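All figures in this text were calculated on a predicted structure; none of them were measured in a lab.
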Amino acid sequence: MSKLKKTSIIVGVIVGTLCSFWGLVNIIPPKKVINENPWIAKDQPMISAHRGGAFLNPENTEKAFDYVIIETNYCDIVEIDIHKTRDGVLVINHDDSMDRMCLDDERKETDIAKDVVIKDTNYKDLLQYNMGRNFIDSKGNKPYENLTIEQAKEQNLTIMTLEEFLIKYQQYNFKLYLEIKEPNTEGINEANKTVDMVYELFERAEYSSWKNRTMIISFTDSLIDYIVEKYPDLYVGALGYKIAPQLIATALGLTTLIPSKYHSFQTQMNNSAGPIKINCATKAFVRASHRRNQSITYWTINNEKEMDKLIKIGADVITTNAPDVLAKKLGKN
């Protein structure tokens, strides 16, 4: 037998073995992360109002939440961000400081006013800021720029605590994406402490319904692992590098081999897994996750063509700053 023929046989055996292995792992059903997942859409994508609908009202404010929860009725999910103040109050804000939302450019550029960092500031001191100050509406105006702090309070534009949110909106029918923004650094597990505080709130009788309608999300990998281990009764969504194995496995058609503990993957339409660039907005990615009863959320989608594509591939949740636009596409308003 010639050397070339032997080589061909060996290569053929290897290829055949790999193909058989690939076929087998795609036939074997993967382990489901949960039997019944309420975060998987039934007929059409669920609408998630990012920061309460940041294009419609000043983000993460009571005014914004009132609009998407009470005044309109087309948002299935509201996404909020929380930080902990110096005196241990959980407040709703995306950034770790109040600067972008509340301070004018002139003040930010002076040496007089330092960054108003939430973790270094007591809650009562944060109440002096108008969170609508730098909001720009669809016409390019700043309608709340010149409000006094009293006027801002009257229009629900001062910082809101998580507990105030839970009290006010628990009677309304929607789900909650709760993003914990604090990082975990070596020896300082601030994010873990924050989720402990959230869980303690959920364990109180008056807030008990929130546990079944809230998903904790975070870019802090160690926090996600902490929740899975300590609080298995909480819903948890994977962001950032936590979804990398799933992205690579989907591209290779080997998702059955990737164990997963998360109820949802939260991703952009295009993502990276190390040097590999992956299109996540595909039916294959959605199907692979649904085999495990995991939901797929795409963020932050404000472009109408992108919304159309995600509707077509069967996305479970579309997180957007413009929930009114998505609602119109879905026939909800």
Side-chain angles (χ1 to χ4, degrees), residues 48-54 57-66 68-69 75 77-102 115-127 129 131 156-170 174-185 188-204 206-207 209-211 213-224 226-227 230-231 234-240 264 266 297 299-300 319 321:
S48 171
H50 187 239
R51 307 180 195 175
N57 290 287
E59 65 182 58
N60 276 320
T61 62
E62 188 174 356
K63 185 178 185 68
F65 303 141
D66 281 353
V68 295
I69 296 171
C75 289
I77 301 168
V78 175
E79 189 267 354
I80 68 174
D81 311 277
I82 62 170
H83 290 270
K84 185 164 63 270
T85 65
R86 183 167 65 179
D87 51 345
V89 179
L90 298 179
V91 295
I92 302 174
N93 195 59
H94 178 272
D95 302 353
D96 61 2
S97 78
M98 304 292 285
D99 298 15
R100 178 176 60 88
M101 295 289 294
C102 306
D115 292 345
V116 183
V117 179
I118 292 174
K119 70 181 180 64
D120 297 330
T121 309
N122 289 330
Y123 166 62
K124 67 177 183 178
D125 295 323
L126 296 177
L127 290 171
Y129 296 102
M131 291 187 66
N156 294 330
L157 289 173
T158 53
I159 199 162
M160 191 178 199
T161 69
L162 175 61
E163 192 163 1
E164 288 172 339
F165 182 98
L166 299 180
I167 292 170
K168 182 167 186 178
Y169 302 117
Q170 62 182 329
F174 69 97
K175 295 182 177 67
L176 179 65
Y177 278 160
L178 180 59
E179 182 171 353
I180 296 177
K181 304 300 293 188
E182 292 154 320
N184 275 348
T185 56
I188 306 175
N189 295 319
E190 289 300 330
N192 293 7
K193 294 176 185 176
T194 297
V195 81
D196 289 341
M197 293 175 66
V198 171
Y199 194 83
E200 287 172 7
L201 283 174
F202 289 173
E203 286 291 278
R204 288 165 54 174
E206 62 265 42
Y207 302 139
S209 67
W210 285 104
K211 185 188 296 184
R213 55 195 281 205
T214 300
M215 179 174 288
I216 308 293
I217 59 178
S218 177
F219 282 99
T220 301
D221 290 351
S222 60
L223 172 67
I224 298 301
Y226 178 78
I227 296 172
K230 186 171 182 180
Y231 301 117
L234 289 180
Y235 292 113
V236 62
L239 291 164
S264 171
Q266 314 253 329
T297 293
W299 56 270
T300 301
T319 294
N321 290 320

For [X] and [Y], which heavy atoms make the closest approach, and how far apart are they?
X: Arg51; Y: Asp81; result: CG-OD2, 3.7 Å
X: Leu178; Y: Leu162; result: CD1-CD1, 4.2 Å
X: Ile82; Y: Leu90; result: CD1-CD1, 4.4 Å
X: Leu157; Y: Pro58; result: CD2-CG, 3.6 Å
X: Met215; Y: Gly237; result: CG-N, 3.6 Å

Residues two or more places apart in sequence or in another chain: which of them pass ring-ring contact (aromatic ring centres under 6.0 Å, His included) with [X]?
X: Phe65; result: Phe165
X: Phe174; result: Trp210
X: Phe202; result: none

(request) Using modelled atom types only, decide if a donor and an acceptor are shared between the side chain of Asp96 and the backbone of Val117 within a distance under 3.5 Å. (result)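 Looks like no, no N/O pair under 3.5 Å.
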(request) Kindly write out the residues that satisfy side chain to side chain contact (heavy atoms under 4.5 Å, CB included) with Thr185, not counting sequence neighbours, or none if the list is empty. (result)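 Checked Thr185 against side chain to side chain contact (heavy atoms under 4.5 Å, CB included); matches are Ile188.
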(request) Only counting residues at least two apart or in another chain, list the ones meeting side chain to side chain donor-acceptor pair (under 3.5 Å) with His83. (result)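 Applying side chain to side chain donor-acceptor pair (under 3.5 Å) to His83 gives none.
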(message) My understanding is that only residues two or more places apart in sequence, or in another chain, count here; which of them pass side chain to side chain donor-acceptor pair (under 3.5 Å) with Asp95?
(response)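 Expected list: Arg100.
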Gap between atom [atom2] of [Y] and atom [atom1] of [X] - 0.5 Å precision:
X: Glu79; Y: Tyr177; atom1: CD; atom2: OH; value: 9.5 Å
X: His50; Y: Thr319; atom1: NE2; atom2: OG1; value: 7.0 Å
X: Leu223; Y: Asn192; atom1: CG; atom2: CG; value: 5.5 Å
X: Lys84; Y: Glu190; atom1: NZ; atom2: CD; value: 4.5 Å
X: Glu164; Y: Ile167; atom1: CD; atom2: CD1; value: 7.0 Å
X: Glu62; Y: Ile159; atom1: CD; atom2: CD1; value: 12.5 Å

State, with a plain yes or no, whether a side-chain heavy atom of [X] is found less than 4.5 Å away from one of [Y].
X: Tyr231; Y: Ile216; value: no
X: Thr220; Y: Ile180; value: no
X: Glu179; Y: Ile217; value: yes
X: Asn93; Y: Met131; value: yes
X: Lys211; Y: Tyr199; value: yes
X: Thr61; Y: Met160; value: no
X: Ile224; Y: Phe219; value: no
X: Thr121; Y: Thr85; value: no

(message) side-chain contact (heavy atoms from CB on, under 4.5 Å), that's the test. Do Lys230 and Asp196 meet it? Break it down for me.
(response) CA-CA 10 Å; Lys230 186 171 182 180; Asp196 289 341; 3.6 Å; yes
(message) Taking Lys124 first and then Asp87, would you say they form a salt bridge - that is, a charged N and a carboxylate O separated by under 4.0 Å?
(response)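 A salt bridge is absent here (no side-chain N lies under 4.0 Å from a carboxylate O).
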(request) Quick one: do Met101 and Tyr129 satisfy side-chain contact (heavy atoms from CB on, under 4.5 Å)? Show the steps, please. (result) CA-CA 9 Å; Met101 295 289 294; Tyr129 296 102; over 6 Å; no
(request) Would you tell me whether Asn184 and Ser222 have side-chain atoms, one donor and one acceptor, within less than 3.5 Å of each other? (result)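 There is such a pair between these side chains.
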